[in-house]
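Predicted model, so just to flag it, every value in this text is computed and none were measured.
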Amino acid sequence: MTQVSPSPNSGAPERFPVVVVGAGPAGLTVGNILRAASVDCLVLETETREFIEQRPRAGVIEEWAVRGLEKRGLARNLLDRAELHTACEFRFDGERYRFPYGELTGSHHFVYPQPLLVTDLVREYADVRGGQIRFGVREVRVHDVDTDRPSVSYTCPETGEHRVVHCDFVAGCDGARGVTRSSLPPERARVARHDYGIGWLALLAEAPPSADCVLFGCHAKGFAGQMPRSPEVTRYYLQCPPGDDPENWPHERVWAELQERLGASGVPPLTEGRLIEKRVLDMHDYVVEPMVFGRLFLAGDAAHLVAPIAAKGMNLALHDAFLLGDALVAHLTGGDGSGLGGYGQACLRRVWDYQEFSQWLSEVYHGTAAGDPFRAGTVLARLRRLFTSPAAAAAFAEQYLGTAARY
């Protein structure tokens, strides 16, 4: 069901069945699902194509999410190039404990950096499926979403011209600081927030991973983590005070802390390298309810933010996109509105499940550094249980892999 829109330079009013605000994983996946069904749509993005294809972000994708991409013809490069992870390793009390979740469940993670996925999705949407996308737009605004005639306005970066696009639906996929979330009526949007009161120093190192899997260091000086990204580049995290200045962490201090917090009996020192990124992330979560406001449907970080503690953010964005894209297609091509009617609640079930797991895992990561001997003792008991109780191990693996709330 394609509606042809006039050229943006024609001066005539534009109309698309769907306007997608934001070209991240959620927005591009929605756009690709629509184009595969021959539904016309317009994607608006405030950044350049080069920027979104290089922006450093998460890299862990759960198997159910990859299968969802594969089903929609969006996983060819991912399946060819991604690393498969079947285990993680906890390091605490000076020892190492490998957790083989692949053996326990038969499932695994894919490691595929988000910039590569975004590059694939942009190419498929714009270059293969012929979807319209406009980069670098400014002053994006949504209008009249409580009516059956919503619209989105923006300023063209090349001409400075103010343009208005009429549509049937708006997909708000523009992230935590995007205009779609900020345009919600405060009396109707309930935002549940949680602040962990900690920061993570996020690092990218030009160094090969020092282990073949993700490492979690639960240490009295604070959490440390290693997340392999490629054979040449490794992501590291160090717990730090919230709002800390990355300049407080010179090369020598970073590596000394990583070596100590990830050290364990019988393992060689970490392989060090040049730090090519340093930034501090303050750990916090939020959930917006409802996720639907008239003809505006929120997806991804515009609707919910889960701290990177459990590596769930991109997976939630993809889950939203699958549900929203399929529901829009069903409505626009067959008049079936049941998917759109149940969209928010279907998304939120998985959102709250992942938020709860993130809180549980945060206590495991950070409780030993809280300065409270009682908390430290209970955290160590929790960790030991993972490696002595098959039931505890199975429950953790199910949540870690995202198989508890199947799509």
Side-chain angles (χ1 to χ4, degrees), residues 22-33 49-89 101-102 105-129 173 175 202-216 225-237 276-277 281 299-301 306 308-322 325 350 354 400-403 407:
L28 291 167
T29 300
V30 170
N32 271 299
I33 292 171
R49 180 168 181 169
E50 293 74 20
F51 181 87
I52 68 168
E53 290 181 346
Q54 297 172 12
R55 177 171 44 194
R57 285 294 185 269
V60 176
I61 310 181
E62 294 169 354
E63 187 172 1
W64 63 264
V66 172
R67 300 310 171 201
L69 291 168
E70 183 181 22
K71 174 183 174 183
R72 294 161 176 86
L74 300 173
R76 285 184 291 274
N77 286 343
L78 189 161
L79 292 170
D80 287 342
R81 300 168 61 186
E83 295 183 10
L84 302 186
H85 282 210
T86 60
C88 60
E89 188 170 299
Y101 53 83
T105 65
S107 297
H108 53 265
H109 281 132
F110 292 78
V111 176
Y112 193 65
Q114 182 172 315
L116 297 182
L117 178 62
V118 167
T119 299
D120 295 342
L121 294 174
V122 170
R123 182 180 298 115
E124 186 69 24
Y125 173 76
D127 303 335
V128 177
R129 301 186 181 182
C173 308
L203 306 151
L204 272 179
E206 284 186 336
S210 296
D212 64 349
C213 64
V214 172
L215 302 179
F216 303 125
Q226 175 205 265
M227 286 70 181
R229 286 292 178 264
S230 74
E232 301 83 23
V233 175
T234 305
R235 168 73 74 187
Y236 286 102
Y237 292 111
I276 55 178
E277 181 190 78
L281 309 174
D301 286 0
V306 57
I309 291 166
K312 298 293 188 182
M314 181 164 58
N315 295 284
L316 282 178
L318 291 171
H319 180 250
D320 292 352
F322 296 155
R350 186 179 287 269
Y354 281 16
Y400 187 60
L401 290 162
T403 56
Y407 168 67

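Across every non-hydrogen atom of Pro209 and Thr234, the tightest pair is N-OG1, 3.1 Å. For the residue pair Ala23 and Leu28, the shortest heavy atom distance occurs at O-CD1, 3.4 Å. In terms of heavy-atom proximity, Tyr236 sits nearest to Ser210 at OH-OG, 3.7 Å. Closest of all the heavy-atom pairs between Ile33 and Ala321 is CD1-O, 3.7 Å. Ala26 approaches Ala317 most closely through the heavy-atom pair CB-O, 3.8 Å.
Between the side chain of Arg235 and the backbone N or O of Met227 there is no donor-acceptor pair closer than 3.5 Å. Side-chain atoms of Thr29 do not come within 3.5 Å of backbone N or O of Leu318 as any donor-acceptor pair. Side-chain atoms of Glu63 come within 3.5 Å of backbone N or O of His108 as a donor-acceptor pair. For the pair Gln226 (side chain) and Cys213 (backbone), a donor-acceptor distance under 3.5 Å is present. With Lys312 contributing its side chain and Tyr400 its backbone, the two residues share a donor-acceptor pair below 3.5 Å. The backbone N or O of Gly73 sits nowhere less than 3.5 Å from a side-chain atom of Asn32 that would complete a donor-acceptor pair.
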side-chain contact (heavy atoms from CB on, under 4.5 Å) between Tyr112 and Asn77, intermediate numbers included: CA-CA 10 Å; Tyr112 193 65; Asn77 286 343; 3.6 Å; yes
side-chain contact (heavy atoms from CB on, under 4.5 Å) evaluation trace for Leu316 with Tyr354: CA-CA 8 Å; Leu316 282 178; Tyr354 281 16; 3.5 Å; yes
Full working for side-chain contact (heavy atoms from CB on, under 4.5 Å) between Leu69 and Phe322: CA-CA 8 Å; Leu69 291 168; Phe322 296 155; 4.0 Å; yes
side-chain contact (heavy atoms from CB on, under 4.5 Å) between Ile61 and Asn315, worked out: CA-CA 6 Å; Ile61 310 181; Asn315 295 284; 3.8 Å; yes
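For the 3.5 Å distance criterion, the side chains of Tyr101 and His109 qualify, holding a donor opposite an acceptor. Of the N and O atoms on the side chains of Asp120 and Tyr125, not one donor lies less than 3.5 Å from an acceptor on the other residue.
Distance check: Glu206 CD to Ile276 CD1 gives 4.5 Å after rounding to the nearest 0.5 Å. One distance of note links CZ of Arg229 with CD of Gln114; it measures 10.0 Å at 0.5 Å rounding. In this structure, CD in Glu62 is found 10.5 Å from NE2 in His319, a value given to the nearest 0.5 Å. Interatomic distance, Arg49 CZ to Thr119 OG1, rounded to the nearest 0.5 Å: 8.0 Å. Interatomic distance, CG of Asp320 versus SG of Cys173, reported as 8.5 Å (0.5 Å rounding).
Looking only at side-chain heavy atoms (C-beta outward), Leu74 and Leu121 come within less than 4.5 Å of each other.
Between Glu70 and Arg76 no salt bridge is recorded (no basic side-chain N to carboxylate O distance below 4.0 Å).
With respect to Pro228, the side-chain contact (heavy atoms from CB on, under 4.5 Å) criterion is satisfied by exactly one of Val214, Val111, Val233: Val214.
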Extract all donor-acceptor atom pairs below 3.5 Å that involve side chains of residues 79-88 and protein atoms in other chains or at least two apart in sequence.
from	atom 1	to	atom 2	distance (Å)
Glu83	OE1	His85	NE2	3.4

